[in-house]
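In what follows, chains carry the letters A, B, and so on, assigned in the order in which the sequence lines appear, proteins first and then strands, with residues in each chain numbered from 1.
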There are 2 protein chains.
Amino acid sequence: MSPSPTAASGKRPTLADVAARAGVSTALVSTVMRDTKGASAATRERILQAAKEIGYRPDARARLLRSHRSRLLGVQFGLQHPFHTDLVECLYAAAEPAGYQIALSAVAPSRSEQQAVESLLADRCEALILLGPQAPAARLAELAGQLPVVSVARRLRPPCGQVAVVRTADDEGARQAVDHLVGLGHRDIAHIDGGRAPGAADRRRGYRTAMTGHGLAEHVRVLPGGLTEDEGAAAARALLAARPRPTAVLAFNDRCATGVLDTLLRSGVQVPAEISVIGFDDSRLARLAHIDLTTVGQDIPGLAEFAVGRAVARLEGEPDPEGETVIAPRLVVRGTTTAAG
Amino acid sequence: MSPSPTAASGKRPTLADVAARAGVSTALVSTVMRDTKGASAATRERILQAAKEIGYRPDARARLLRSHRSRLLGVQFGLQHPFHTDLVECLYAAAEPAGYQIALSAVAPSRSEQQAVESLLADRCEALILLGPQAPAARLAELAGQLPVVSVARRLRPPCGQVAVVRTADDEGARQAVDHLVGLGHRDIAHIDGGRAPGAADRRRGYRTAMTGHGLAEHVRVLPGGLTEDEGAAAARALLAARPRPTAVLAFNDRCATGVLDTLLRSGVQVPAEISVIGFDDSRLARLAHIDLTTVGQDIPGLAEFAVGRAVARLEGEPDPEGETVIAPRLVVRGTTTAAG
DNA sequence: CCTGACGTCTAGAACGTTCTAGAAGGACAG
DNA sequence: CTGTCCTTCTAGAACGTTCTAGACGTCAGG
């Protein structure tokens with residue numbers, strides 16, 4: 001009949017249990033547990049000892065209920081995106097020194113953004129950090145009316161209400177890639193784009209302007225791609241059929257670039273000897289020794305830090321710049337680019 | 001000075017606010033919010049209306065504090081493992097119909113299993129579902145003394161205390177892979193193992209027994225590998241140096257197999273014409289068209305369902321088999337295996 | 001010896017919910 | 001009319017914490 005027959009000790013120990021065992025009030029135990037001043041060294045010792053003996057563990061929920069601040073940042077992320085999981089990792093690291101905790105809520109085919117956000121709100125998060133949110137701008141603005149909202153890696157056309165945006169300068173990244181390739185002597189540089197994905201439009205524009213700036217307007221070639229390996233592979237097949245065949249290609253992201261690499265390898269085309277390939281993101285994928293992809297690095301720790309920083313700034317009433325925080329990308333040269341043959 | 005200058009309404013509305021607006025008691029609002037019987041249709045309507053008007057949202061933490069049951073399953077997973085993120089997705093799907101919620105806690109280089117579990121416990125989860133935990137068995141047994149614990153994809157030597165184990169029959173999976181290759185005429189079949197990773201020992205053993213069963217004991221060759229692409233790539237280089245060179249290889253998992261594939265391609269070795277490659281997991285990776293990996297499929301939805309099922313069974317005092325639940329794997333034949341040349 | 005300040009500690013009220021009693025009112029059988 | 005049983009509702013005590021006020025020493029300065 002017991003609801004939890006496997007639980008050894010029956011009930012979870014509380015402050016009161018510790019207090020009783022140490023012969024003090026619950027309030028005093030509380031101050032000791034919070035490591036606040038107001039208890040003598042001797043009793044502090046005694047209380048800690050008692051707590052340890054009965055295996056006391058503070059109840060985060062009760063704690064948050066009482067204190068007005070929950071110090072909880074809600075993070076919505078896509079379970080399947082390596083870029084997101086990398087970001088989450090850095091968010092944990094960025095939140096801790098600021099004295100905040102992270103509550104995760106995943107988006108997946110079976111779990112909508114709506115559901116993910118609902119659960120974060122019910123959990124009393126003080127602010128939301130949304131990774132590449134797809135929700136309509138109006139919905140984001142509405143949320144931002146209730147609590148601080150930070151959109152990471154998704155640009156929003158101003159006015160985006162109170163929504164803070166933290167993103168990479170995608171156009172600048174594309175420019176760096178083109179500059180690098182031109183510096184290596186390439187002229188025939190194609191771009192496999194990301195369609196409607198976040199950032200795709202900016203990267204496309206950056207590519208076009210950079211090419212034009214180098215006087216290569218007539219070599220501009222944008223192939224429809226996407227953000228997955230498959231889409232990259234498909235685009236690469238189109239690339240191989242093109243005449244004259246480009247000597248270099250800038251892919252929308254690393255996953256897309258991986259698909260390109262694979263197709264080229266299978267077709268017996270040498271990379272980088274015959275075609276140079278550049279990705280975007282500098283995700284784990286690109287760094288793998290056997291892929292060793294030259295890529296436009298997004299500053300993932302930086303994005304995470306700014307995202308947390310802006311959420312915290314708003315929560316603590318510090319001055320926070322309205323609108324966008326744009327972080328510069330940095331080209332990471334690895335093994336998939338070389339001088340034009 | 002306000003701690004949250006961006007929050008529009010200042011304070012989050014509570015039951016009392018709704019009650020005041022609808023002219024009823026908080027208790028009645030509570031019953032209506034929980035959709036419990038005990039309120040007339042008319043007032044129910046009125047209360048819902050009032051709640052909507054002021055944007056009331058129940059506070060999950062206060063709710064859990066009061067009710068003894070939290071109906072929360074804590075899930076510990078590795079942010080960087082596609083196999084884990086796939087599992088998490090299925091766990092969400094499995095928990096919902098059972099009336100439970102999922103609390104996520106990630107493990108990453110900067111966040112230990114210890115930390116992950118601590119935070120789940122502090123959050124008052126009723127049970128823990130640990131994906132491929134690396135913690136010492138003694139630690140898991142200790143945890144299981146406090147609350148139901150399910151270890152997924154990690155085998156534990158009995159007695160594992162109260163820890164429930166849900167896993168794939170790894171040895172059987174390796175056997176299926178070997179059988180498939182032998183059926184294709186391969187005799188020189190190598191195995192790149194996973195070292196101390198969960199499941200590695202069983203796969204190794206399954207490989208050995210299957211080889212022996214086919215009278216190929218002297219062709220047994222186990223190369224030290226690991227669970228990442230890099231480790232697979234390194235092992236593949238060793239493989240290429242071996243004489244006689246194996247005609248087929250079973251990798252520890254899909255990531256490892258991907259590294260193998262890449263190294264082979266780069267060395268100009270045709271897959272599957274010269275060497276057949278088999279992975280393990282059937283993660284998203286294997287299904288990508290340009291990888292198209294033959295692999296031993298783990299039944300991810302099945303694992304998730306059993307994991308939730310066993311956690312719930314223990315929580316609700318239903319009879320739960322002690323020890324292991326073992327799920328059969330199923331070989332998925334794709335493009336990286338073919339008849340021995 | 002008083003006074004005020006400080007260090008240590010405690011009682012009791014929050015926090016936002018759910019739960020346990022039980023009250024109010026009506027319907028209906030005796 | 002009385003009693004019993006519904007249905008609908010409410011008061012008030014939990015839950016495990018933190019916070020506010022203040023009590024009780026002790027100690028230094030006058």
Between dC19(D) atom P and L64(A) atom CG, what is the distance in whole Å?
11 Å

Round to a whole Å and report the spacing from NE2 of H68(A) to P of dT17(D).
18 Å

With no hydrogens and no angle check, just 3.5 Å: does a side-chain donor-acceptor pair link S67(A) and R63(A)?
no

What is the distance, rounded to the nearest whole Å, between atom CZ of R61(A) and atom P of dT17(D)?
13 Å

N-O pairing of D17(A) and R12(A) below 4.0 Å
no

Would you mind reading off the distance between L15(A) atom CG and dT17(D) atom P, rounded to a whole angstrom?
4 Å

With no hydrogens and no angle check, just 3.5 Å: does a side-chain donor-acceptor pair link E45(B) and Q49(B)?
no

Identify, between A41(B) and A62(B), the residue whose nearest nucleotide on DNA chain D lies closer to the 5' end.
A41(B)

Mind calculating the distance between CZ (R69(A)) and P (dC15(C)) to the nearest angstrom?
17 Å

Base, sugar-phosphate alone, or nothing: which one does R44(A) contact when heavy atoms must sit under 4.0 Å apart?
nothing

List the atom of A98(A), the atom of V312(A), and the distance in Å for their closest heavy-atom pair.
CB-CG2, 4.4 Å

Closest nucleotide among dG16(D), dT17(C), dC19(C) to the S67(B) side chain
dC19(C)

Bracket string, DNA chain D, 5' to 3' - pairs by Watson-Crick or G-U geometry under 3.5 Å, | interstrand:
||||||||||||||||||||||||||||||

Using a cut-off of strictly less than 4.0 Å, decide whether R34(A) has a side-chain nitrogen or oxygen near OP1 or OP2 of dT18(D).
yes

Any side-chain N or O of T43(A) less than 4.0 Å from the OP1 or OP2 oxygen of dC9(C)?
yes

Grab the N/O contacts between the protein and nucleotides 11-14 of chain C below 3.5 Å, and write none if there aren't any.
| residue | atom | partner | partner atom | Å |
| --- | --- | --- | --- | --- |
| dA14(C) | N3 | R66(A) | NH1 | 2.3 |

Can you measure D59(A) atom CG to dG16(D) atom C1' for me and round it to whole angstrom units?
6 Å

Measuring from the side chain of S30(B) (C-beta onward, heavy atoms only), which nucleotide among dC9(D), dT17(D), dT18(C) has the closest atom?
dT18(C)

Rounded to whole Å, please give me the gap between CE in M33(A) and C1' in dG16(D).
13 Å

d(CG, L28(A); C1', dT8(C)) in whole Å
8 Å

Here the pair of heavy atoms bringing L79(B) nearest to E89(A) is CD1-N, 3.7 Å

Can a side-chain donor-acceptor contact be found between R284(A) and T85(A) if the only test is distance below 3.5 angstrom?
no

Please enumerate all residues that pass side-chain contact (heavy atoms from CB on, under 4.5 Å) together with R71(A), with sequence neighbours excluded.
R69(A), Y100(A), E126(A), E316(A)

Check this for me: Q115(B), atom CD, are more than 12 non-hydrogen atoms of other residues, nucleotides or ligands nearer than 6.0 Å?
yes

CD/Q134(A) to CD/E113(A) distance, rounded to the nearest 0.5 angstrom?
6.0 Å

